[in-house]
Amino acid sequence: MTDPKSHLAGLVRSALEHVFPDAAGTDILIERPRDATHGDFACTVALQLAKQLKRPPRQIAESLRTALVDREAAATTRFLDAVEIAGAGFINFRLAPETRVAGVRSVLQLGDAYGRAAAEGDKVVVEFVSANPTGPLHVGHGRQAALGDTLSALLEVRGRRVTREFYYNDAGVQIQTLALSVQARLRGLQPGEVAWPESAYNGDYVRDIADDYAARKTVAAADGTPVTAGGDTENLDDVRRFAVAYLRHEQDVDLRAFGTAFDVFSLESSLYAEGRVAAVVKNMIASGRTYEKDGALWLRTTDYGDDKDRVVRKSDGSYTYFVPDVAYHIGKWERGFRHAINVQGTDHHSTITRVRGGLQAVSESTGAEIPTGYPDYVLHSMVKVMRGGEEVKISKRAGSYVTLRDLVEWVGRDAVRFFLVSRRADSEFLFDIDLALSKSEENPVYYVQYAHARICSLLAQWTLLRQQSGTSALRAADLSPLALARESALAQRLSAYPEMLDDAARELAPHTLTFFLRDLASEFHSYYNAERILVDDSRLCDARVALCAAVRQVLANGLSLLGVSAPEKM
RNA sequence: GCGCCCGUAGCUCAGCGGAUUAGAGUAUUGGCCUCCGAAGCCAAGGGUCGUGGGUUCGAAUCCCGCCGGGCGCGCCA
């Protein structure tokens with residue numbers, strides 16, 4: 001059987017076609033009521049149709065109810081227990097007990113694969129972090145890493161073929177600034193001195209790079225290429241090459257420690273090297289939407305909803321950054337990604353229209369037929385770090401901001417990852433260090449992990465009791481003794497897991513997952529405190545243990561999507 | 001000034017393709033370990049959903065104004 005929700009939608013649709021053929025095309029929306037007294041599912045289709053059918057909603061609901069009850073009576077297996085009309089015309093459904101607990105069996109049978117859809121979906125590229133190699137990763141990058149990684153996992157688990165990608169802007173003036181900063185350090189200068197370049201990076205890491213450069217050390221970037229420092233202060237190209245490799249390596253170390261792995265690293269410099277930037281300019285001109293003004297080449301991005309036209313080629317002959325950005329996205333399209341999602345800070349919001357416009361112009365002249373909404377964006381706002389009631393702004397390491405490494409050292413990877421995805425991306429994030437460190441109070445990470453560990457302990461005891469191994473015996477357990485309201489509520493939540501994953505993936509809203517896990521853990525803790533699991537009656541005992549084992553499995557599956565550990569002991 | 005986002009309990013936040021009585025955590029107060037892990041559970045109090053209009057049988061949710069906050073508004077990235 002399909003999941004209960006879609007099955008129910010099918011039933012309602014068929015009843016609707018029978019009773020009100022004129023309204024057969026109506027969307028059937030099945031929701032899970034917050035209030036358990038309203039049943040397991042509810043449908044508002046009667047309210048929606050009242051106007052169209054010119055009949056009171058309760059009357060429509062009543063006709064549908066009759067048809068549904070007839071169908072249920074004729075069915076071979078029992079699915080519904082009751083169909084009730086309530087309020088203005090809601091149809092509330094109560095599932096048969098066997099329907100309710102059916103989800104428990106699927107969870108135990110599928111194990112780690114529960115919630116996973118067949119990998120038949122589109123190819124999608126998720127670009128995130130994309131930090132310039134000019135300094136250590138900061139907490140904002142951490143938020144991006146957590147959001148991007150979890151979103152990728154969500155898309156993947158629901159069948160999309162995901163590529164996680166990191167883009168380096170390694171061709172701009174910022175890299176030049178980095179090289180000059182290192183060079184200044186090599187000359188023995190320090191921030192604050194008169195000769196120190198005004199725009200230079202002041203963090204301690206610049207001195208570290210200079211020291212290693214002078215010592216002619218070798219570093220390996222994320223792609224593994226070793227770079228050895230020449231040690232010559234005056235050779236700026238060499239300084240730059242070493243500094244970039246050094247910082248790429250540092251970022252790689254941080255990302256690995258954070259549990260984030262990328263499939264592809266793209267370099268802005270390679271877009272120039274491969275002639276992709278020049279090709280984009282050529283195609284923009286061919287689209288007929290460019291013009292020369294003040295010695296520069298402009299693209300009429302206002303044709304695509306931008307609030308002003310944008311410069312493509314500056315009067316000095318170089319290109320603005322958005323050109324390689326467009327070239328990069330043309331590349332994504334050409335690699336076969338019909339969906340691309342970029343995770344970025346809201347401070348880059350204004351670039352969206354520009355990049356999409358640029359893609360449209362190129363698409364028009366090449367006939368690529370890139371959709372106007374390509375690529376998709378998940379924008380997140382800034383992270384503010386609080387400790388002891390005050391904002392933490394300065395990190396020794398970076399000089400002017402708190403690094404991801406600082407954060408992970410302070411509170412641990414699990415807490416950082418869980419926290420950073422636990423809010424809507426567009427909300428401003430207040431990261432409270434004291435809160436993430438608390439081991440007993442309002443710390444949702446421990447709350448969820450604790451539920452997992454508790455169940456593991458329970459399963460270990462049950463195994464001793466029954467002298468059986470693992471969950472294999474539980475898959476066959478008779479679940480009919482699970483008759484309590486708490487038990488069916490838990491089972492219902494387990495069966496809602498795949499739906500929740502779909503919603504989170506569709507809405508590009510990974511925070512949904514953390515809320516689900518907290519609610520599931522909460523429901524388990526309540527159940528655990530109210531009822532004894534390991535009871536003498538072995539049928540009841542096995543059924544309850546099977547339910548708990550299913551809860552554990554879903555907690556573990558969900559945590560793994562978040563990249564958070566599911567400990568057996570804490 | 002213009003554009004986008006946000007304003008929900010003391011605090012931190014869900015809910016916002018309208019729909020049955022607005023939720024969670026925390027903080028406060030009071031209970032629960034001779035019993036499967038108290039990093040837990042139960043209960044109470046706490047909200048004109050920023051504000052004023054509008055659409056609707058029905059609005060925290062959709063539309064408009066205003067107030068307050070964030071981000072952006074370069075031939076920077």
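Please read all numbers here as calculations on a predicted model, not as lab measurements. Here is the naming used below: chain letters follow the sequence lines, and residue numbers restart at 1 for every chain.
Nucleotide B/rG37 holds its P atom 16 Å from the CH2 atom of A/W462, rounded to whole Å. Between the CZ atom of A/R518 and the P atom of B/rG40 there is a distance of 12 Å, rounded to whole Å. The interatomic distance linking A/E568 (CD) with B/rA39 (C1') rounds to 18 Å, in whole Å. Put simply, CG on A/L430 is 18 Å from P on B/rC6, counting in whole angstrom units. Atoms CG (A/D306) and P (B/rC4) sit 13 Å apart, rounded to a whole Å. If you measure from atom CG of A/D307 to atom C1' of B/rG1, you get 13 Å, rounded to the nearest angstrom. For A/D426 and B/rC6, the CG to C1' distance is 7 Å, given to the nearest whole Å.
Contact check, A/S350 against B/rC73: no side-chain N or O comes under 4.0 Å of OP1 or OP2. Side-chain N/O atoms of A/Q48 include none lying less than 4.0 angstrom from OP1 or OP2 on B/rG18. Of the side-chain N and O atoms in A/K308, one or more sit less than 4.0 angstrom from OP1 or OP2 of B/rG74. An OP1 or OP2 oxygen of B/rC5 is reached within less than 4.0 angstrom by no side-chain nitrogen or oxygen of A/R424. Under 4.0 angstrom from either OP1 or OP2 of B/rC41 there lies at least one side-chain N or O belonging to A/Y447. Taking only side-chain nitrogens and oxygens, A/S422 never comes nearer than 4.0 Å to OP1 or OP2 of B/rU12.
More than 12 heavy atoms of other shown residues, nucleotides or ligands fall within 6.0 angstrom of atom CD in A/E391.
Closest contact between the side chain of A/Y321 and the listed nucleotides B/rA39, B/rA77, B/rG25 involves B/rA77. When the nucleotides B/rA14, B/rA39, B/rC4 are ranked by their closest atom to the side chain of A/R423, B/rA14 comes out on top. Comparing B/rG69, B/rA77, B/rG25 by their closest approach to the side chain of A/N132 singles out B/rA77. Listed nucleotides B/rA19, B/rC71, B/rC36 differ in distance to A/T346; the shortest reach to its side chain belongs to B/rC71. Distance from the side chain of A/A42 is smallest for B/rU20 among the nucleotides B/rA24, B/rU20, B/rC36. For A/T44, the side-chain atoms get nearest to B/rA19 when compared with the rest of B/rC41, B/rA19, B/rA77. Distances from the side chain of A/H348 to the nucleotides B/rA77, B/rC36, B/rG25 place B/rA77 closest. For A/H349, the listed nucleotide lying nearest its side chain is B/rC4; candidates were B/rC6, B/rG37, B/rC4. Of the candidate nucleotides B/rA77, B/rC42, B/rC36, B/rC42 has the atom nearest to the side chain of A/S526. Checking B/rG17, B/rC75, B/rA39 against every side-chain atom of A/R506, the shortest atom distance belongs to B/rG17.
Both distances falling under 3.5 Å, in either a Watson-Crick or a G-U wobble arrangement, place B/rA44 opposite B/rU28. Pairing for B/rC71 is with B/rG3, a Watson-Crick or G-U wobble pair whose two hydrogen-bonding atom distances lie under 3.5 Å. When both distances must be under 3.5 Å, the Watson-Crick or G-U wobble mate of B/rU34 does not exist. Summarising the base pairing, B/rA77 is matched to no nucleotide, lacking a Watson-Crick or G-U wobble pair whose two defining distances lie under 3.5 Å. B/rG58 is unpaired under the Watson-Crick or G-U wobble criterion, no partner having all donor-acceptor distances under 3.5 Å. Across all strands shown, the partner of B/rC66 is B/rG50, judged by Watson-Crick or G-U wobble contacts whose two distances both fall under 3.5 Å. Judged by Watson-Crick or G-U wobble contacts below 3.5 Å, the nucleotide B/rA14 has no partner. Searching all strands for a Watson-Crick or G-U wobble partner of B/rA22 with both distances below 3.5 Å returns nothing.
Here A/D306 contributes atom CG and A/S350 contributes atom OG; the two are 8.0 Å apart, rounded to the nearest 0.5 Å. Atoms CD1 and CD, from A/I341 and A/E165 in turn, are 13.0 Å apart once rounded to the nearest 0.5 Å. With values rounded to the nearest 0.5 angstrom, A/Y497 atom OH is found 6.0 Å from A/L513 atom CG.
Distance noted for atom P between B/rC62 and B/rC75: 35 Å (whole Å). A gap of 41 Å separates the P atoms of B/rA19 and B/rG74, to the nearest Å. Taking atom P in both B/rG18 and B/rG3, the straight-line distance is 27 Å, to the nearest Å. A gap of 16 Å separates the P atoms of B/rG68 and B/rG50, to the nearest Å. For B/rA44 and B/rA9, the C1' atoms lie 15 Å apart once the distance is rounded to whole Å. B/rG53 and B/rC67: their C1' atoms are spaced 15 Å apart (whole Å). When the C1' atom is used for both B/rC49 and B/rG7, the distance is 10 Å, rounded to whole Å. One P atom belongs to B/rC57, the other to B/rC71, and the distance between them is 42 Å to the nearest Å.
Here the closest non-hydrogen pair linking A/M382 and A/D347 is CE-OD1, 4.0 Å.
A donor-acceptor contact under 3.5 Å is formed by the side chain of A/S315 with the base of B/rC75.
Classified by its glycosidic torsion, B/rC33 falls in the syn category, the angle being within 90° of 0.
Residue-level contact check: A/A86 touches the bases, meaning some heavy atom is under 4.0 Å from a base atom. At the heavy-atom level, A/Q176 lies nowhere under 4.0 Å from the strands shown. Within 4.0 Å (heavy atoms only), A/H511 reaches sugar-phosphate atoms of the nucleic acid but no base atom. Within the 4.0 angstrom heavy-atom criterion, base atoms lie near A/E531. At a threshold of 4.0 angstrom between heavy atoms, the contacts of A/D347 are confined to the sugar-phosphate backbone, with no base atom among them. A/L534 comes within 4.0 angstrom of a base, heavy atoms only. Here A/Y450 lies in heavy-atom contact (under 4.0 Å) with a base.
Taking the centre of each ring, A/H349 and A/Y377 stay at or above the 6.0 Å mark. A ring-centre distance under 6.0 Å is not found for A/F128 and A/F166.
The 5' end of RNA chain B is approached more closely, in terms of each residue's nearest nucleotide, by A/E507 than by the other of A/E507 and A/R354. Residues A/A530 and A/D294 each lie close to RNA chain B; by heavy-atom proximity, the contact nearer the 5' end of the strand is made by A/A530.
In this pair, A/F431 and A/F419 present their aromatic rings tilted. The plane angle is within the 30 to 60° band.
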Handout entry: Stepwise salt bridge (Lys or Arg N to Asp or Glu O under 4.0 Å) check, A/D426 with A/R424
Key = CA-CA 6 Å; A/D426 57 9; A/R424 294 167 56 93; 3.2 Å; yes
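Of the possible polar contacts, one joining the A/H141 side chain to the A/H138 backbone as a donor-acceptor pair under 3.5 Å is found.
Stacking between A/H38 and the base of B/rU20 is present: ring centres sit under 5.5 Å apart and the planes differ by under 30 degrees.
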